[in-house]
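Below is one structure, written out as structure tokens; the observations come after it.
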Amino acid sequence: MSFAIADHTKLTTNADGSWTRKPSSFRNTIEKGGQFEPEKGRYLLYAGYGCPWATRTLITRKLKGLEDIIDVVIVSPRMTEMGWPFAKVDPFPGTNDDPLFGASHLREIYLKAEPDYDGRYTIPALWDRKTETIVNNESSELIRIFNSAFNHLLPADKAAIDLYPEHLRKEIDELNEWVYTTVNNGVYRCGFASSQKAYEDAMIPLFESLDRLEKILTGKEYLVGDQLTEADIRLFVTINRFDVAYYTLFKCNLRSIRHDYPAIHLWLRKLYWGDKPAFRETSNYDHIKAGYSHTKNGSAAIVPMGPLPHILPL
């Protein structure tokens, strides 16, 4: 099974059965006076609702009001041996065709950018129409680009939204570091482990961190300070998938969010059902469950019916 990774044909584990995520390959930025200027209509974001890393960028794009500035193309969640497909070959509901090259799979976009490319064909990937290349495919950097690079093109209320405020950056960075290692990436280290020890070595810190997050969020609206920050976005995409995917398919089943973490569960539901529709509108549980359930060769697979409802009401 592929478990919705970015390119399962390149999935390998270490000698001890543990799994290490390889770094992203395209790491440029968008800035005034730089190679990649912030311009309306110049960039296109390849993303997918099934992938938590891509969904980070989809949430941030909506929160910042960038829908008319940065176009988006959604890939199918049902990966094949060729990687992420477009609607041209897999018209899964909510999936788009590639408007630039009529590509069948995302890998073709990567090879347009770099014909000799031999890395992973991951989402998200931000394409530049002017130079015909991928600017950046690292989600943690893209959400910061979206947070500030286009502010001069936005109305004042959207430009004022700051998901990485100066006075909170140290605290955000410190929290992001251990949350990424043990939670965001920790669930994958559980799911991709090929030995009992590697699985348990990932499981224990995962649930220790969830216990820690439960204490942090008790009586609080947000993770850092009294405002929404990128730390909430980065955690949301993992917690939103936890009960519907990671709990069963990745064997992250010591405890569930809805039954065992009341503060995290309340925080999750407030973000989903609250006054910021970006969280709700980018939560496509059909894509999530199909992506984590399909077989390696892309053939039909059993998609779990539960848990129902996918997210509980407030």
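Hydrogens, waters and symmetry mates are skipped; everything else that's a heavy atom, side chains included, is used. Since the structure is predicted, the reported quantities are computational estimates derived from the model, not experimental observations. Counting from 1, the numbers follow the sequence of the chain as shown.
Using a 4.0 Å cut-off between charged nitrogen and carboxylate oxygen, E37 and R42 do not count as a salt-bridge pair. Salt-bridge annotation for E39 and K130: present, with a side-chain N of the basic residue lying under 4.0 Å from a carboxylate O of the acidic one. Under the 4.0 Å criterion applied to side-chain N and carboxylate O atoms, K112 and D98 are not assigned as salt-bridge partners. Between D173 and R169, no side-chain nitrogen of the basic residue sits less than 4.0 Å from a carboxylate oxygen of the acidic one, so the salt-bridge criterion is not met.
Cluster membership for L100 and V89, using ILVMFWY side-chain heavy atoms within less than 4.5 angstrom, is not shared. In the hydrophobic clustering of ILVMFWY residues, with side-chain heavy atoms under 4.5 Å counting as a link, L312 and I239 come out apart.
The other members of the hydrophobic cluster of L153, by chain and number, are I30, F36, Y43, L45, Y49, L58, L66, I69, I70, V72, I74, L126, V135, L142, I145, F146, F150, L154 (side-chain heavy atoms under 4.5 Å, ILVMFWY only).
More than 12 heavy atoms of other shown residues, nucleotides or ligands fall within 6.0 angstrom of atom CD in E67. At most 12 heavy atoms of other shown residues, nucleotides or ligands fall within 6.0 angstrom of atom NZ in K197. A 6.0 Å sphere centred on CG of D157 holds more than 12 heavy atoms belonging to other residues, nucleotides or ligands.
At least one donor-acceptor pair closer than 3.5 Å links the side chain of N137 to the backbone N or O of F26.
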### Message
Working note: N240 + Y285, criterion side-chain hydrogen bond (donor to acceptor under 3.5 Å, both in side chains); need CA distance, chi angles, decisive distance, verdict.
### Response
CA-CA 9 Å; N240 197 28; Y285 296 105; 2.6 Å; yes
### Query
Can you check side-chain hydrogen bond (donor to acceptor under 3.5 Å, both in side chains) on Q227 and D162, steps first, answer last?
CA-CA 9 Å; Q227 65 183 89; D162 189 358; over 6 Å; no
### Query
How far apart are the C-alpha atoms of T182 and R212, what are their side-chain angles, what is the distance that settles it, and do they pass the side-chain hydrogen bond (donor to acceptor under 3.5 Å, both in side chains) test?
CA-CA 11 Å; T182 58; R212 184 178 176 183; over 6 Å; no
### Query
Does the pair Y261 and R255 meet the rule for a side-chain hydrogen bond (donor to acceptor under 3.5 Å, both in side chains), with working shown?
CA-CA 8 Å; Y261 290 103; R255 292 180 286 280; 2.8 Å; yes
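F279 pairs with exactly one of Y272, W267, F236 by the ring pair (Phe, Tyr, Trp, His ring centres under 6.0 Å) rule, that one being F236. For the pairing with Y46, the ring pair (Phe, Tyr, Trp, His ring centres under 6.0 Å) check across W127, F86, Y121 returns one residue only, F86.
The aromatic rings of F207 and F242 stand perpendicular to each other, their planes meeting at an angle above 60°, with 30° marking the opposite boundary. The aromatic rings of Y188 and Y292 sit tilted relative to each other, their planes meeting at an angle between 30° and 60°.
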